[in-house]
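Remarks on the structure that follows.
Counting from 1, the numbers follow the sequence of the chain as shown. Whatever order the structure lists ligands and atoms in, that order sets their numbers, starting from 1. In this text the structure is predicted, and so the values were computed from the model without any measurement.
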Amino acid sequence: MKRYLITGCAGFIGSNFVHYMLKKYDDILLVNLDKLTYAGNLENLKSVENDKRHIFVQGDICDEKLVRELFLKYDFDYVINFAAESHVDRSIKNPEIFVESNVLGTVNLLQRAKDAWYDDKAKTWKEGKKYLQVSTDEVYGALGPEGYFTETTPLSPHSPYSSSKASADLFVKAFHDTYGMPINITRCSNNYGPYQFPEKLIPLMINNVKHHKQLPVYGDGMQIRDWLYVEDHCKAIDMVCSNGKIGEVYNVGGHNERPNIFIVKTIISQLHDRLNDEEISEALIKHVEDRLGHDRRYGIDPEKIKNDLGWYPETPFEKGIVLTIDWYLENEEWMNNVTSGNYQKYYDEMYKAKV
Ligand code: NAD
Ligand code: TYD
């Protein structure tokens with residue numbers, strides 16, 4: 001039985017990964033270490049709370065003692081680090097926590113994995129172990145109108161968020177280059193799908209449209225993101241963890257570049273038709289002050305993961321966005337719960353001056 005330490009899996013991508021893995025494998029143990037920040041939500045894991053293959057531990061990836069104890073107790077084969085502060089706008093307001101969780105947390109996981117897996121006397125690593133870092137295409141910076149990010153594109157992050165992720169990636173690479181640690185890094189484009197916290201573009205717009213609230217589009221709305229359906233991403237992570245060549249970076253992209261304004265208009269038109277609601281129209285769009293240092297375009301060339309591992313993004317955007325809207329419409333209570341309390345304070349702070 002393979003034993004995984006998975007971190008940050010009460011969040012968006014991580015919780016989807018738990019569901020994906022439990023559906024796919026019978027003989028597996030997932031130990032899920034999550035601090036439960038504002039973005040971590042045990043409701044995302046409600047349907048698996050009695051599943052013996054998944055153990056939830058509330059805690060911080062920066063906690064040396066706790067992570068050491070988990071390695072001793074469970075003798076992990078794999079570590080997959082999803083845990084991070086993940087929102088660019090928050091990183092612009094408060095960069096320090098991004099250094100703590102994203103950089104220092106990653107270094108703590110690497111150190112504890114090395115303690116558990118490396119025999120200092122024999123100078124050998126235990127067989128079959130791997131550390132996988134879930135990273136982002138944002139570490140490459142921004143593209144002009146032409147070209148794509150490949151795995152050899154130089155790192156050139158712009159935001160405090162992407163700088164912290166790039167820094168973490170360099171530490172992962174350093175553990176490989178210095179100690180020979182078996183690692184992979186995956187760098188994916190913007191994910192969308194169920195359980196995404198509504199501070200991110202797609203769920204925020206779905207929620208605002210439903211409530212006839214203004215739709216804050218940063219700047220001219222012509223920034224391009226390469227949208228990846230979250231389940232396709234989970235499949236890629238599983239494939240890289242099982243079969244990725246040691247030491248390699250894999251870019252994971254949706255082949256699905258769209259300007260933000262297109263995404264917003266698609267959500268408006270879908271919800272207008274499905275809710276049969278005449279108050280839902282493009283008049284809700286409000287172009288607001290642009291994000292500081294806003295990256296203009298991201299676009300991934302996923303050839304390497306396709307050639308090496310046979311992965312490709314299976315879900316076209318037209319299908320993925322319908323599945324996503326279906327999910328948010330069917331899970332109104334989930335949305336109501338995450339947007340009550342502190343969320344309103346966050347939304348007011350971020351958008352009051354804008355919309
Ligand atoms: P998220 O914000 O939804 O979830 C992050 C989770 O990490 C939360 O459950 C939170 O409680 C937990 N966490 C944060 N700090 C922690 C700490 N110090 N110790 C333990 N747990 C902690 O994020 P997400 O969108 O699911 O992203 C997951 C990973 O994927 C992140 O590393 C992110 O950088 C990367 N990524 C995300 C996207 C995207 O589109 N969402 C794109 C590229 C890369
Ligand atoms: P986001 O979902 O925050 O992801 P990221 O910054 O990691 O790409 O934002 C996606 C795009 O949508 C980005 O170009 C910023 C833009 N955006 C808006 O125009 N309005 C919003 O309210 C939000 C949250 C994002």
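- Listed by number with element, the atoms of ligand 1 under 4.0 angstrom from any heavy atom of Asn190 are 40 (O).
- Note: no N/O pair closer than 3.5 Å links Glu199 and ligand 1 by distance alone.
- Ligand 2 places these atoms under 4.0 Å from at least one heavy atom of Glu199: 24 (C).
- Here the protein heavy atom with the shortest distance to atom 3 (O) of ligand 2 is Arg291 NH2, 3.1 Å.
- Checked against a 3.5 angstrom limit, the closest N/O atoms of Ser101 and ligand 1 fall inside it.
- Here is the list of ligand 2 atoms found below 4.0 Å of a heavy atom in Lys200: 2 (O).
- Taking the six-membered ring for Trp and the full ring otherwise, Phe17 and Phe82 have centroids separated by under 6.0 Å.
- Shown in contact with Thr136 at under 4.0 Å from a heavy atom are these atoms of ligand 1, numbered in order with element: 43 (C), 44 (C).
- Remark: minimum distance from atom 19 (O) of ligand 2 to any protein heavy atom is reached at Tyr218 N, 2.9 Å.
- Here the heavy atom of the protein found nearest to atom 20 (C) of ligand 1 is Lys35 N, 3.2 Å.
- Enclosure of atom CD in Glu332 is not indicated, since only 12 or fewer non-hydrogen atoms of other residues, nucleotides or ligands lie within 6.0 angstrom.
- Here the CD1-OG1 distance, from Ile206 to Thr324, works out to 6.5 Å after rounding to the nearest 0.5 Å.
- For ligand 2, one of its N or O atoms has an N or O atom of Pro216 under 3.5 Å away.
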| query | Checking side-chain hydrogen bond (donor to acceptor under 3.5 Å, both in side chains) for the pair Asn208/Gln214: CA distance, chi angles, key distance, verdict? | reply | CA-CA 7 Å; Asn208 281 16; Gln214 283 191 323; over 6 Å; no
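- At the shortest separation from atom 13 (C) of ligand 2 among protein heavy atoms lies His294 NE2, 3.4 Å.
- Of the protein's non-hydrogen atoms, Thr37 OG1, 3.3 Å is the one closest to atom 10 (C) of ligand 1.
- Taking distance alone, with nitrogen or oxygen atoms compared against 3.5 Å, Ile13 approaches ligand 1 more closely than that limit.
- Checking side-chain atoms of Asn190 against main-chain N and O of Asp226 turns up no donor-acceptor pair under 3.5 Å.
- Tyr148 and His255 have perpendicular rings, their planes meeting at more than 60° on a 0 to 90° scale where under 30° would count as parallel.
- Distance alone, capped at 3.5 Å, places no donor-acceptor pair between the Arg53 side chain and the Ile28 backbone.
- When only non-hydrogen protein atoms are considered, atom 8 (C) of ligand 1 lies nearest to Asp34 OD2, 3.6 Å.
- No side-chain donor-acceptor contact under 3.5 Å links Asn102 to the backbone of Ala84.
- No option in Leu155, Thr136, Asp137 other than Thr136 meets the side chain to side chain contact (heavy atoms under 4.5 Å, CB included) test with Lys165.
- Residue Ser86 places at least one N or O, backbone or side chain, under 3.5 Å from an N or O of ligand 1.
- Aromatic ring centroids of Phe175 and Tyr131 lie 6.0 Å or more apart.
- Annotation: Cys62 places no N or O atom under 3.5 Å from an N or O atom of ligand 1; distance criterion only.
- Residue Ala83 has no nitrogen or oxygen atom sitting less than 3.5 Å from a nitrogen or oxygen atom of ligand 1, judged on distance alone.
- Atom 31 (C) of ligand 1 has as its closest protein heavy atom Phe82 O, 3.1 Å.
- With rounding to the nearest 0.5 Å, the separation of OG in Ser156 from CD in Glu138 is 12.5 Å.
- Heavy-atom proximity to His87, at under 4.0 Å, picks out these atoms of ligand 2: 3 (O).
- Heavy atoms of Glu138 found under 4.0 angstrom from ligand 2 belong exclusively to the side chain.
- Set against the non-hydrogen atoms of Ala84, the atoms of ligand 1 under 4.0 Å away are 5 (C), 7 (O), 14 (C), 31 (C), 32 (O).
- Taking the ring centroids of Tyr195 and Phe12, they lie at or beyond the 6.0 Å cut-off.
- Counting heavy atoms under 4.0 Å from ligand 2, residue Tyr351 touches it through the side chain alone.
- Residue, atom and distance of the protein heavy atom nearest to atom 2 (O) of ligand 2 are Leu201 N, 2.9 Å.
- Each of the following atoms of ligand 1 lies closer than 4.0 Å to a heavy atom of Ser189: 42 (C), 43 (C).
- For a threshold of 3.5 Å applied to N or O pairs, the pair formed by Asn260 and ligand 2 contains at least one separation below that value.
- No more than 12 heavy atoms of other residues, nucleotides or ligands lie within 6.0 Å of CG in Asn342, so this atom counts as exposed by the packing criterion.
- For Ala10, the closest heavy-atom approach to ligand 1 falls below 4.0 Å.
- Protein heavy atom in closest approach to atom 34 (O) of ligand 1: Tyr161 OH, 2.6 Å.
- Not less than 6.0 angstrom separates the ring centroid of His87 from the ring centroid of Phe197.
- Ring-plane geometry between Phe317 and Tyr192 is classed as tilted, the angle between the planes lying from 30 to 60 degrees on a 0 to 90 degree scale.
- Proximity to Val134 (heavy-atom distance under 4.0 Å) selects the following atoms of ligand 1: 30 (O), 32 (O).
- Atoms of ligand 2 lying under 4.0 Å from any heavy atom of Val217, numbered from 1 in the order shown and given with element: 19 (O).
- Note that CD1 of Ile325 and CD of Gln270 are 4.5 Å apart. Values are rounded to the nearest 0.5 Å.
- For Leu36, every heavy-atom contact with ligand 1 shorter than 4.0 Å involves the backbone, none the side chain.
- The residue from Asp290, Asp89, Asn190 that puts a heavy atom closest to atom 4 (O) of ligand 2 is Asn190.
- Protein heavy atom nearest atom 43 (C) of ligand 1, with residue, atom name and distance: Cys188 SG, 3.1 Å.
- Contact annotation for Lys165 and ligand 1: only side-chain heavy atoms (C-beta onward) come within less than 4.0 Å of the ligand.
- The aromatic rings of Tyr78 and Tyr4 lie tilted to each other, with the angle between the two planes from 30° to 60°.
- The distance from the CD1 atom of Ile92 to the CZ atom of Phe98 is 9.0 Å, given to the nearest 0.5 Å.
- Close approach of ligand 1 to Gly59 is summarised as follows: ligand atoms under 4.0 Å from at least one heavy atom of the residue are 19 (N), 20 (C).
- Looking at Asp89 and Arg291, a side-chain N of the basic residue comes within less than 4.0 Å of a carboxylate O on the acidic one, giving a salt bridge.
- Using cut-offs of 30° and 60° on the angle between ring planes, the pair Trp125 and Tyr118 is tilted.
- With respect to atom 40 (O) of ligand 1, the closest heavy atom belonging to the protein is Asn191 N, 2.8 Å.
- What sits closest to atom 44 (C) of ligand 1 on the protein, heavy atoms only, is Ser135 O, 3.2 Å.
- Here the side chain of Asp119 pairs no donor or acceptor atom with the backbone of Trp117 at under 3.5 angstrom.
- By the criterion of a heavy-atom distance under 4.0 Å, neither the backbone nor the side chain of Cys9 is placed next to ligand 1.
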